[in-house]
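Scroll down for the structure; my scribbles are underneath it.
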2 protein chains.
Amino acid sequence: MERPFVAHTEQAREVFRTFLRERGQRQTPERFAVLEALYHTGDHVDADALYQHLRDEADASVSRATVYNTLDLLVEAGLATRHQFDGSHARYERAYAYAQHDHLICTDCGHIYEFCDPRLHDTQQMIGQILGFAVARHSLTLYGQCRRDACPNRAESDDA
Amino acid sequence: MERPFVAHTEQAREVFRTFLRERGQRQTPERFAVLEALYHTGDHVDADALYQHLRDEADASVSRATVYNTLDLLVEAGLATRHQFDGSHARYERAYAYAQHDHLICTDCGHIYEFCDPRLHDTQQMIGQILGFAVARHSLTLYGQCRRDACPNRAESDDA
DNA sequence: CTTCATGCAAAAAGTTTGCATCCTC
DNA sequence: GAGGATGCAAACTTTTTGCATGAAG
């Protein structure tokens with residue numbers, strides 16, 4: 001049922017190893033534990049969720065400071081993506097071997113869906129041309145109401 | 001040089017009046033002062049900037065709590081838009097009579113540009129159809145490097 | 001054994017909340 | 001006059017920082 005991401009964890013670890021070595025930074029068990037935790041949770045998690053996971057479910061004990069520190073490294077290494085959806089705090093998502101995609105969030109239940117529209121790439125290029133920009137990346141999030149039965153506020157909406 | 005937004009302030013005030021009246025909420029001078037401050041600053045400002053402006057430049061003395069409270073009301077009234085660009089905190093922008101647009105931010109100098117691509121509406125609709133969503137709004141931000149002479153990091157980029 | 005990373009706790013930054021006072025309706 | 005709104009400060013949440021200890025190279 002789940003996407004097979006286990007294999008990618010192995011490769012991500014390798015990438016991280018190389019990344020750290022090249023930058024002359026240390027390969028500590030804590031850093032790999034954070035990487036593992038992120039790749040294990042195939043979701044959009046915040047730093048605290050990872051901290052909790054590491055603290056409770058994994059045997060690794062990593063401080064919050066280290067979680068934040070390592071997440072920054074992972075983002076720099078291209079192994080994680082940082083999102084800041086509307087009103088909330090930072091959330092992270094594994095990035096190795098996962099194609100660039102965007103998000104669709106239900107304003108009722110908070111559920112996050114992913115999608116990909118190739119036309120966005122055109123938009124990105126075109127706007128860059130027009131405004132004289134070297135556009136490196138984009139962040140698109142759609143907000144709306146999903147139609148899941150499980151969605152808490154589902155019934156309330158008038159389906160006009 | 002500036003866009004003529006003064007006239008819109010008048011109309012926004014009227015909309016706010018009606019909004020408050022209909023909701024049985026009070027029309028206090030503080031609330032209108034915040035509206036005025038937001039519409040006066042034709043930019044993407046945070047709550048604190050508005051607070052400072054009200055405190056120093058305007059004669060109105062409004063507490064931070066009231067600024068936050070009123071900004072929420074303005075967003076609900078459709079008179080303001082709240083943004084949460086990448087790493088930073090909430091920023092607000094006046095919304096009355098300003099067409100839906102998106103943002104392009106220079107990762108070097110932080111400058112915010114605006115643009116509009118009608119194809120986004122199609123994307124929004126299409127993805128909504130596919131995923132069974134009633135998409136209400138979207139948030140798109142492009143990140144890249146601008147080519148302004150004033151951009152601090154301008155020279156460093158290799159123009160490959 | 002040197003130096004960088006960790007952990008802890010305190011600080012910082014942004015936002016929310018509780019309560020007495022004030023002012024709109 | 002009654003009840004919502006304000007201001008102040010304290011609480012809260014998320015993230016950063018400083019410093020002593022600990023471990024990777």
Side-chain angles (χ1 to χ4, degrees), chain A residues 13 16-38 44-56 58-77 80 82-92 110, chain B residues 13 16-38 44-56 58-77 80 82-92 110:
Chain A
R13 208 184 288 127
F16 198 29
R17 252 191 287 271
T18 307
F19 174 82
L20 290 172
R21 195 182 306 122
E22 284 181 354
R23 309 222 318 185
Q25 294 192 266
R26 293 182 182 162
Q27 303 185 29
T28 66
E30 288 85 356
R31 287 178 171 169
F32 287 103
V34 172
L35 170 66
E36 202 110 351
L38 178 65
H44 308 79
V45 291
D46 55 38
D48 204 58
L50 287 176
Y51 173 72
Q52 297 295 340
H53 177 81
L54 286 162
R55 200 169 192 279
D56 303 338
D59 52 343
S61 178
V62 178
S63 73
R64 271 198 190 79
T66 300
V67 172
Y68 279 104
N69 174 27
T70 305
L71 282 171
D72 283 351
L73 287 175
L74 290 174
V75 170
E76 284 184 65
R82 177 195 172 114
H83 299 290
Q84 189 120 39
F85 298 125
D86 243 30
S88 63
H89 45 280
R91 285 164 172 276
Y92 296 85
Chain B
R13 208 182 290 128
F16 199 29
R17 253 192 286 272
T18 308
F19 173 83
L20 290 172
R21 196 181 304 122
E22 283 181 354
R23 308 220 322 185
Q25 294 193 266
R26 294 184 182 160
Q27 302 183 30
T28 66
E30 288 85 358
R31 287 179 171 167
F32 287 103
V34 173
L35 170 66
E36 201 109 353
L38 178 66
H44 308 79
V45 290
D46 55 37
D48 205 58
L50 287 175
Y51 174 71
Q52 296 297 338
H53 177 81
L54 286 162
R55 202 167 189 279
D56 303 337
D59 51 343
S61 176
V62 179
S63 73
R64 270 198 190 77
T66 300
V67 171
Y68 279 104
N69 174 28
T70 305
L71 282 171
D72 283 350
L73 286 176
L74 290 175
V75 170
E76 285 183 65
R82 177 196 172 114
H83 299 291
Q84 188 121 36
F85 298 125
D86 241 30
S88 62
H89 47 279
R91 284 163 174 275
Y92 297 84

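Since the structure is predicted, the reported quantities are computational estimates derived from the model, not experimental observations. In what follows, every chain begins at residue 1, and chains take the letters A, B, ... in the order their sequences are listed.
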> How far apart are the C-alpha atoms of Tyr68(B) and Arg64(B), what are their side-chain angles, what is the distance that settles it, and do they pass the side-chain hydrogen bond (donor to acceptor under 3.5 Å, both in side chains) test?
Replying inline: CA-CA 6 Å; Tyr68(B) 279 104; Arg64(B) 270 198 190 77; over 6 Å; no
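- Using cut-offs of 30° and 60° on the angle between ring planes, the pair His44(B) and His83(B) is tilted.
- Here dA24(D) presents its P atom at 16 Å from CZ of Arg21(A), a figure rounded to the nearest Å.
- When rounded to the nearest whole Å, the span between CZ of Arg31(A) and P of dG25(D) equals 10 Å.
- For Asp72(A) and dT15(D), the CG to C1' distance is 10 Å, given to the nearest whole Å.
- A distance of 13.5 Å separates NE2 of His53(B) from CG of Asp48(B), quoted to the nearest 0.5 Å.
- Look at Gln25(B) and you'll find a side-chain N or O under 4.0 angstrom from OP1 or OP2 of dA5(D).
- When the side-chain nitrogen and oxygen atoms of Asn69(A) are compared with OP1 and OP2 of dT6(C), one or more of them lie within a distance under 4.0 Å.
- In this structure, Phe85(A) places its CZ atom 16 Å from P of dT14(D), rounding to the nearest Å.
- Across all non-hydrogen atoms, the minimal contact from Gln84(A) to Phe85(B) is OE1-O, 4.4 Å.
- Side chain of Thr70(B) to backbone of Thr66(B): a donor-acceptor contact under 3.5 angstrom is found.
- For the helix from dC1(C)-dG25(D) to dC25(C)-dG1(D), the terminal axes (five pairs an end, C1' atoms, rotation from four pairs onto the next four) enclose an angle of 30°, given to 10 degrees.
- The nearest whole Å value for the distance from the CD atom in Gln84(A) to the C1' atom in dT15(C) is 14 Å.
- Nearest heavy atom pair, residue Val67(B) against residue Ala47(B), reads CG1-O, 3.7 Å.
- Leu54(A) and Ala33(A) make their closest contact through CD2-O, 3.5 Å (heavy atoms, listed as atom of the first residue, atom of the second, distance).
- Rounded to whole Å, the distance from CZ on Arg91(A) to C1' on dT14(D) is 13 Å.
- In this structure, Gln27(B) atom CD and dC25(C) atom P are separated by 5 Å, rounded to whole Å.
- Comparing Pro29(B) and Tyr92(B) along DNA chain C, the residue whose closest nucleotide (by nearest heavy atom) sits nearer the 5' end is Tyr92(B).
- A heavy-atom distance below 4.0 Å to DNA chain D is reached by these residues of residues 61-68 of chain B, ordered by number: Ser61(B), Val62(B), Ser63(B), Ala65(B), Thr66(B).
- Closest heavy-atom contact between Gln25(B) and Leu73(B): OE1-CD2, 3.6 Å.
- Listed pair Thr28(B) / dG4(D) fails the phosphate criterion, with no side-chain N or O lying under 4.0 Å from OP1 or OP2.
- For Arg26(A) against Leu20(A), the heavy-atom pair with the smallest separation is O-CD1, 3.7 Å.
- Not a single donor-acceptor contact under 3.5 angstrom links the side-chain atoms of Arg26(B) to the base of dC25(C).
- Atom CZ of Phe32(B) and atom C1' of dT6(D) are 15 Å apart (whole Å).
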